[in-house]
Amino acid sequence: MADSIVESKNQMVERKEGIQDNPLIEFHSILKEAMDILNYPDEVFELLKEPLRFLEVKIPVRMDDHTTKIFRGFRAQHNDATGPTKGGIRFHTDVTPEEVKALAGWMSMKCGITGLPYGGAKGGIVCDPRTMSLQELERLSRGYVRAISQIVGPTKDIPAPDVYTNSQIMAWMLDEYNFIREFDNPGFITGKPVALGGSKGRETATSKGLLYTLQKVLEVKNLPIKDLKIIIQGFGNVGSHLALYLYELGAKIVGISDVLGGIYDEKGLDIPYLMDSRDSFGVVTNLFKKTISNQELLEKECDVLVPAALGGQITKRNAEKIKCQIVLEAANGPTTKEAINILEEKEILVVPDILANSGGVIVSYFEWCQNNQGYYWSEREVDEKLKEKMETSFEQILHVSKKYRTNLKVAAYIVGIQALAETSQLRGWIKI
Ligand SMILES: NC(=O)C1=CN([C@@H]2O[C@H](COP(=O)(O)OP(=O)(O)OC[C@H]3O[C@@H](n4cnc5c(N)ncnc54)[C@H](O)[C@@H]3O)[C@@H](O)[C@H]2O)C=CC1
Ligand SMILES: O=C(O)CCC(=O)C(=O)O
């Protein structure tokens with residue numbers, strides 16, 4: 001969710017254009033391909049294909065009209081061999097158990113790739129925060145924490161923001177947790193406001209990480225960033241900040257979109273204006289008369305296409321029509337395995353989510369470290385450490401992709417799986 005929540009009820013009709021395949025099946029299929037290359041026994045696949053723990057809860061919330069609504073929530077903890085589990089919480093009408101399980105698995109991969117002392121987790125609540133008041137959202141956030149409090153905590157499982165959640169929601173969740181556990185460590189949750197122990201640089205960390213990854217890719221491809229034509233799907237926390245960084249470096253952002261549709265201008269869009277004009281849910285296209293659909297936007301010609309909204313956006317149904325040189329996966333799971341194969345045949349490079357968008361969890365880790373030591377870093381320190389981790393992870397995955405002659409997606413899984421398999425073996429859970 002974008003930076004702050006304002007109390008606005010978005011009455012516009014949402015155009016559901018995403019083509020959502022089953023993300024858990026997606027996770028399994030690439031997991032299997034990577035395991036086959038590693039020649040790991042089936043027991044490793046059996047261990048990693050589903051989370052070790054999955055909790056489904058019902059959250060009764062008193063609504064402003066005095067009725068009680070029961071919300072469905074989930075928390076999946078994929079693997080805690082390496083350390084506590086870690087991952088965001090999504091508020092969305094389409095959240096499903098399969099999606100949360102896949103997202104938790106992807107979090108494990110990210111933590112393995114970047115060498116964080118965590119396994120993956122993810123949470124979700126089936127709700128439409130755009131139609132709820134601030135008070136209803138606060139009661140829902142607090143209710144969720146009460147419902148999952150037994151299985152989370154600063155040394156067990158550490159939540160963070162994801163789609164349609166933000167630092168204010170993290171603050172309410174922290175406050176509720178501190179009621180339940182008296183005063184526990186603020187490291188129970190990350191992505192908090194800086195005034196409550198949040199890290200400088202967390203708000204923009206995912207976008208910064210994407211920028212550092214893209215810069216490495218462009219270096220390899222010998223492409224200057226200036227005047228590159230870029231399209232970004234999704235203009236929330238991740239998409240909008242990335243757009244601004246690229247715009248400031250001289251790239252031409254020719255298209256952006258939000259849940260209502262897209263805008264496109266081959267002369268380039270005024271990103272600072274769009275940033276100032278978007279609402280707290282990352283919606284800005286409602287201010288324009290001439291819009292196109294999200295699917296049309298994805299199919300426009302550009303150099304770099306950045307899906308930064310939801311999963312399952314580029315599939316076998318539209319991959320043939322994608323016209324770019326690089327797909328930079330900012331969202332989790334935006335490109336299906338079948339689509340990646342089609343894009344590869346078209347010589348389009350797919351930079352995988354579990355590498356490219358790991359800046360968020362990296363700075364969340366920095367936030368947790370700062371909370372644990374009670375000593376806080378400058379934005380510059382955070383940024384330098386983030387850049388170093390992003391670049392090292394990219395180099396490692398590039399190396400593995402060359403070694404095994406495979407694409408970056410499978411290479412990223414290989415690195416993530418190896419890290420998890422090593423700690424799981426050391427604990428005596430599996431034998432590789
Ligand atoms: N926030 C973070 O730190 C991280 C986020 N991600 C991933 O990045 C993606 C975006 O997350 P945030 O920017 O944080 O979310 P956000 O809630 O701030 O923004 C979401 C954006 O996507 C748009 N959107 C929603 N549904 C859409 C649809 N069907 N078609 C097109 N646009 C749609 C919204 O209008 C909004 O502009 C998600 O996939 C998330 O899991 C990944 C790593 C970390
Ligand atoms: O910051 C975190 O801990 C998790 C961020 C997240 O949910 C993600 O990378 O998908």
Side-chain angles (χ1 to χ4, degrees), residues 1-5 10 12 14-20 23 84-95 99-100 102-104 106-111 114 116 118 120-124 128-130 157-167 169-170 189-192 198-199 202-210 232-243 256-262 274 278-286 293-295 297-298 306-313 329-334 353-354 356-368:
M1 185 177 186
D3 307 30
S4 63
I5 301 175
N10 195 332
M12 283 169 287
E14 176 176 336
R15 282 193 241 153
K16 280 193 180 166
E17 298 167 83
I19 310 159
Q20 191 80 39
T85 51
K86 181 94 192 76
I89 300 167
R90 177 173 292 202
F91 283 10
H92 199 277
T93 44
D94 297 340
V95 172
E99 183 183 41
V100 173
L103 286 161
W106 288 327
M107 285 307 306
S108 276
M109 297 293 121
K110 286 184 215 186
C111 296
T114 50
L116 304 184
Y118 297 136
K122 203 81 178 195
D128 184 355
R130 295 172 305 151
D157 177 14
I158 305 131
D162 190 64
V163 175
Y164 293 157
T165 53
N166 66 3
S167 60
I169 290 176
M170 299 304 110
I189 205 160
T190 61
K192 310 176 280 289
S199 178
R202 174 61 185 89
E203 190 73 36
T204 51
T206 309
S207 319
K208 271 273 172 76
L210 283 152
I232 302 181
Q233 183 198 35
F235 206 63
N237 175 289
V238 176
S240 68
H241 287 112
L242 178 64
I256 63 108
S257 73
D258 56 37
V259 67
L260 301 173
L274 295 174
R278 75 196 163 132
D279 75 9
S280 59
F281 292 97
V283 171
V284 72
T285 60
N286 54 330
S293 72
N294 265 286
Q295 283 310 313
L297 186 82
L298 292 174
V306 189
L310 299 178
Q313 298 298 301
E329 291 191 320
N332 286 304
D353 48 2
I354 52 176
N357 74 22
S358 61
V361 70
I362 291 172
V363 176
S364 275
Y365 165 61
F366 296 161
E367 181 171 329
W368 182 75

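Counting convention: from 1, in listed order, for ligands and their atoms alike. FYI, the numbering just counts along the sequence from 1.
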Determine, using heavy atoms of G360 and all atoms of ligand 2, whether some pair is separated by less than 4.0 Å.
yes
Closer than 4.0 angstrom: is that true for some heavy atom of R90 and an atom of ligand 2?
no
Polar contact flag for [X] and ligand 1 (N/O pairs, less than 3.5 Å):
X    : result
R90  : yes
A331 : no
G234 : no
D162 : yes

Ligand 1 versus Q313: contacting region, heavy-atom distance under 4.0 Å:
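Q313 to ligand 1: no contact under 4.0 Å from either part.
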Please list, in number order, the atoms of ligand 1 under 4.0 Å from a heavy atom of [X].
X    : result
D258 : 31 (C), 32 (N), 33 (C), 35 (O), 37 (O)
V259 : 23 (C), 24 (N), 25 (C), 26 (N), 27 (C), 32 (N), 33 (C), 34 (C), 35 (O)
R202 : 3 (O)

Taking atom 3 (O) of ligand 1 as the point of reference, which of V361, T206, T204 owns the nearest heavy atom?
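Minimum heavy-atom distance to atom 3 (O) of ligand 1 goes to T206.
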Atom 37 (O) of ligand 1: which of A309, A205, G239, G282 has the nearest heavy atom?
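Comparing heavy atoms across A309, A205, G239, G282, the nearest one to atom 37 (O) of ligand 1 lies in G282.
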Results of side chain to side chain contact (heavy atoms under 4.5 Å, CB included) for M109 - residues two or more places apart only
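F27, L31, I354, Y413, I417, L420.
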How does I158 reach ligand 2, by side chain, by backbone, by both or by neither, if only non-hydrogen atoms under 4.0 Å count?
neither
Under-4.0 Å heavy-atom contact with ligand 2, by part of R202 that carries it
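It is the side chain that gets close, since no backbone atom is under 4.0 Å.
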Could you tell me whether some N/O pair between K86 and ligand 2 is separated by less than 3.5 angstrom?
yes
Between D162 and K122, does at least one N-O distance fall below 4.0 Å, as a salt bridge requires?
yes
